[in-house]
Amino acid sequence: MHDWLDIPVPRDTEADVVSALAAFGITASTIVSADRGPGTIRISRTGGDLEAQRMRDNPRILVEVWEESPPAAFDRAVQVYAAFQVFNERGTILPGVAVHDMDLQSPRSYDDPLAPGLARVQFVADYLTDLTTISLKEDAHGGE
């Protein structure tokens, strides 16, 4: 006999953000090639903890933008920042994906030794989101 168990797990918050930004015409990725070019936007989960007792995840999302000049990089980063403001005001990133208590840091310029011909601007977003569930099948007889 097999029993199905519904287990609370964290969401793929990087994929959520990439999908949500696409609704604003912003193309982002979680992977950046070594030969990154102007207009590259990377979304990375760089930290955060689970609040299992409250069924929430607290991801820290790093947003990095590369452009040909510092003003262009800052302008593009501010567009992405504005989308995060919308997520915060709406209380959702995607339909059914809640956002609670978002904290956004201001965009800042950082050198990137791996892309010396480009300017990089980045910011961090911390927020709470609800866990999702997956179903696992358990063999009640331990595989016997």
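- Taking OG1 of Thr46 as the reference point, atom CZ of Arg60 lies at 6.0 Å (rounded to 0.5 Å).
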Verdict with reasoning, Ile7 to Thr133, per side-chain contact (heavy atoms from CB on, under 4.5 Å): CA-CA 5 Å; Ile7 309 299; Thr133 59; over 6 Å; no

Name the atoms and distances for all side-chain donor-acceptor pairs under 3.5 Å in residues 96-120, with sequence neighbours left out.
{"unit_1": "His100", "atom_1": "NE2", "unit_2": "Asp130", "atom_2": "OD1", "d": "3.2"}
{"unit_1": "Asp112", "atom_1": "OD1", "unit_2": "Leu114", "atom_2": "N", "d": "2.9"}
{"unit_1": "Asp112", "atom_1": "OD2", "unit_2": "Arg36", "atom_2": "NH1", "d": "3.1"}
{"unit_1": "Asp112", "atom_1": "OD2", "unit_2": "Trp66", "atom_2": "NE1", "d": "2.7"}
{"unit_1": "Arg120", "atom_1": "NH1", "unit_2": "Glu64", "atom_2": "OE2", "d": "2.8"}
{"unit_1": "Arg120", "atom_1": "NH2", "unit_2": "Asp111", "atom_2": "O", "d": "2.9"}

Atom pairs and distances, side-chain donor-acceptor, residues 23-34, under 3.5 Å, sequence neighbours left out:
{"unit_1": "Ser29", "atom_1": "OG", "unit_2": "Ile31", "atom_2": "N", "d": "3.0"}
{"unit_1": "Ser29", "atom_1": "OG", "unit_2": "Ile31", "atom_2": "O", "d": "3.0"}
{"unit_1": "Ser33", "atom_1": "OG", "unit_2": "Asp35", "atom_2": "OD1", "d": "2.6"}

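- No hydrogens or angles considered: a donor-acceptor pair under 3.5 Å links the side chains of Ser135 and Asp6.
- The shortest distance between side-chain heavy atoms of Phe87 and Leu21 falls below 4.5 Å.
- Residues satisfying the side-chain contact (heavy atoms from CB on, under 4.5 Å) test with Asp12, not counting sequence neighbours, are Glu14, Ala15.
- Scanning for side chain to side chain donor-acceptor pair (under 3.5 Å) contacts around Asp57 gives Arg45, with sequence neighbours left out.
- The side-chain contact (heavy atoms from CB on, under 4.5 Å) search around Ser19 returns Leu94, not counting sequence neighbours.
- Formation of a donor-acceptor pair under 3.5 Å by the Ser69 side chain with backbone atoms of Ala72 is found in this model.
- Using a 4.5 Å heavy-atom cutoff, the side chains of Val65 and Phe123 are not in contact.
- A distance of 12.0 Å separates CG of Leu136 from CG of Asp3, quoted to the nearest 0.5 Å.
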Ile93 and Phe84: CA distance, side-chain angles, deciding distance, side-chain contact (heavy atoms from CB on, under 4.5 Å) verdict: CA-CA 8 Å; Ile93 287 189; Phe84 273 82; 5.6 Å; no

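- The closest side-chain heavy-atom distance from Leu131 to Leu50 is below 4.5 Å.
- Hydrophobic clustering, defined by side-chain heavy atoms of Ile, Leu, Val, Met, Phe, Trp and Tyr closer than 4.5 Å, groups Val124 together with Leu62.
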